[in-house]
Amino acid sequence: MGNLNNCKKCDTKLDNHRAYLGYTECLDCSEVEHYSAHTVYPHKTGGYVQPISKTTSNNLKRLDRRSTGKARVGKSSGDWDRWLEKYYHDLYNPKPKRKIIKEICTIEHIEYNTLYNKSILYYRDNGYQRTISWLKELFNADKISLGSKSKMLDEINSLEINPKRVRKWG
């Protein structure tokens, strides 16, 4: 047995740091299990590293979804690649300029005052459900606009919620 800084088994010179820490065997001859590390995330932005044994590390890597020990490859949807490809395609192949065709609308709707008078008379003679159906038919036939239809439905609904004795057909 020679120098105190030599390995017990193979008699090679130990590293000074290893000898200072009290180890008597070199890295090749040592049977001490290497420490491993595991990252713990108690919060999404505050992780820390915990020293653990190799077997515990392997078990935790198996359980942990954030494991980096194995070469797992996630399935990528390829969104970034498709976006980049479309970006370059649009960059080098600009779209043709839009042609604006001005068409004049020739549809003439019934004026609101006329529609109001007809709807009130129709409601008084035929009731709520038939008046609603009649207004839908006028709209589907493109005789009244959506705005006129919705205003008239509001008017008819406000009349319907009143009791019959309060309604006035003036």
Side-chain angles (χ1 to χ4, degrees), residues 1-107 109 112 128-129 131-133 135-158 160-161:
M1 203 169 227
N3 193 353
L4 290 176
N5 285 345
N6 287 349
C7 176
K8 279 181 166 181
K9 293 183 179 178
C10 67
D11 206 36
T12 58
K13 186 170 190 301
L14 284 177
D15 186 50
N16 288 337
H17 295 290
R18 210 164 156 74
Y20 176 76
L21 292 173
Y23 291 105
T24 56
E25 297 171 347
C26 66
L27 288 172
D28 295 331
C29 299
S30 177
E31 294 177 9
V32 176
E33 188 177 12
H34 296 282
Y35 276 107
S36 185
H38 178 69
T39 308
V40 179
Y41 294 97
H43 187 266
K44 65 181 179 180
T45 59
Y48 61 89
V49 177
Q50 179 180 19
I52 53 176
S53 68
K54 191 73 171 170
T55 55
T56 307
S57 174
N58 289 338
N59 190 30
L60 287 173
K61 284 179 184 176
R62 183 181 58 84
L63 298 173
D64 193 4
R65 66 181 173 87
R66 298 178 188 192
S67 174
T68 57
K70 294 181 183 176
R72 294 186 202 167
V73 178
K75 292 182 181 178
S76 173
S77 63
D79 290 342
W80 170 251
D81 296 332
R82 282 194 299 273
W83 181 88
L84 194 61
E85 185 177 310
K86 185 181 180 315
Y87 172 77
Y88 283 124
H89 180 268
D90 292 346
L91 185 65
Y92 299 118
N93 302 315
K95 293 180 182 176
K97 295 203 175 194
R98 293 176 121 187
K99 294 178 184 176
I100 300 173
I101 301 172
K102 293 185 178 180
E103 292 183 11
I104 299 172
C105 180
T106 57
I107 299 172
H109 293 134
Y112 181 73
Y128 177 76
Q129 288 296 332
T131 305
I132 300 298
S133 299
L135 287 171
K136 286 182 184 177
E137 288 173 14
L138 288 176
F139 176 71
N140 289 337
D142 215 9
K143 297 194 178 195
I144 61 173
S145 66
L146 180 62
S148 297
K149 176 189 164 196
S150 61
K151 281 183 188 177
M152 273 316 306
L153 288 176
D154 288 342
E155 291 288 337
I156 298 296
N157 287 333
S158 67
E160 182 64 22
I161 61 172

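These numbers come from the heavy atoms of this one structure, side chains and all, not from hydrogens, waters or symmetry mates. All of these numbers come straight from a predicted model, not from anything done at the bench.
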(request) Please name all residues satisfying side chain to side chain donor-acceptor pair (under 3.5 Å) with E160, sequence neighbours left out, ordered by chain then number. (result)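 E160 satisfies side chain to side chain donor-acceptor pair (under 3.5 Å) with Y123 only.
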(message) Just to verify, what does S145 make a side chain to side chain donor-acceptor pair (under 3.5 Å) with, not counting sequence neighbours?
(response) S148
(request) Check ring-ring contact (aromatic ring centres under 6.0 Å, His included) between Y87 and all other residues, then give those that pass, not counting sequence neighbours. (result) W83
(request) Starting from the C-alpha separation in whole Å, work towards a yes-or-no answer on side-chain contact (heavy atoms from CB on, under 4.5 Å) for I144 and Y112. (result) CA-CA 8 Å; I144 61 173; Y112 181 73; over 6 Å; no
Show every donor-acceptor pair shorter than 3.5 Å between a side-chain atom in residues 14-23 and any protein atom, with sequence neighbours excluded, or say none if there are none.
from, atom 1, to, atom 2, distance (Å)
R18, NE, E25, O, 2.8
R18, NH2, E25, O, 3.1

(message) Could you work out, with salt bridge (charged side-chain N to carboxylate O under 4.0 Å, His left out) as the rule, every residue matching K86, not counting sequence neighbours?
(response)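 Per chain and number, K86 pairs via salt bridge (charged side-chain N to carboxylate O under 4.0 Å, His left out) with D90.
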(request) Could you note down all residue pairs passing salt bridge (charged side-chain N to carboxylate O under 4.0 Å, His left out) where residues 148-157 supplies at least one of them, sequence neighbours left out? (result) none
Measuring from [X]:[atom1] to [Y]:[atom2], what's the distance to the nearest 0.5 Å?
X	Y	atom1	atom2	result
D142	H109	CG	NE2	4.0 Å
L135	K143	CG	NZ	13.0 Å
K9	C26	NZ	SG	9.0 Å
Y128	I132	OH	CD1	4.0 Å
S150	N157	OG	CG	11.0 Å

(message) Check this for me: K136, atom NZ, are more than 12 non-hydrogen atoms of other residues, nucleotides or ligands nearer than 6.0 Å?
(response) no
(request) Grab the two heavy atoms, one from S36 and one from S53, that are nearest each other, plus how far apart they are. (result) CB-O, 4.1 Å
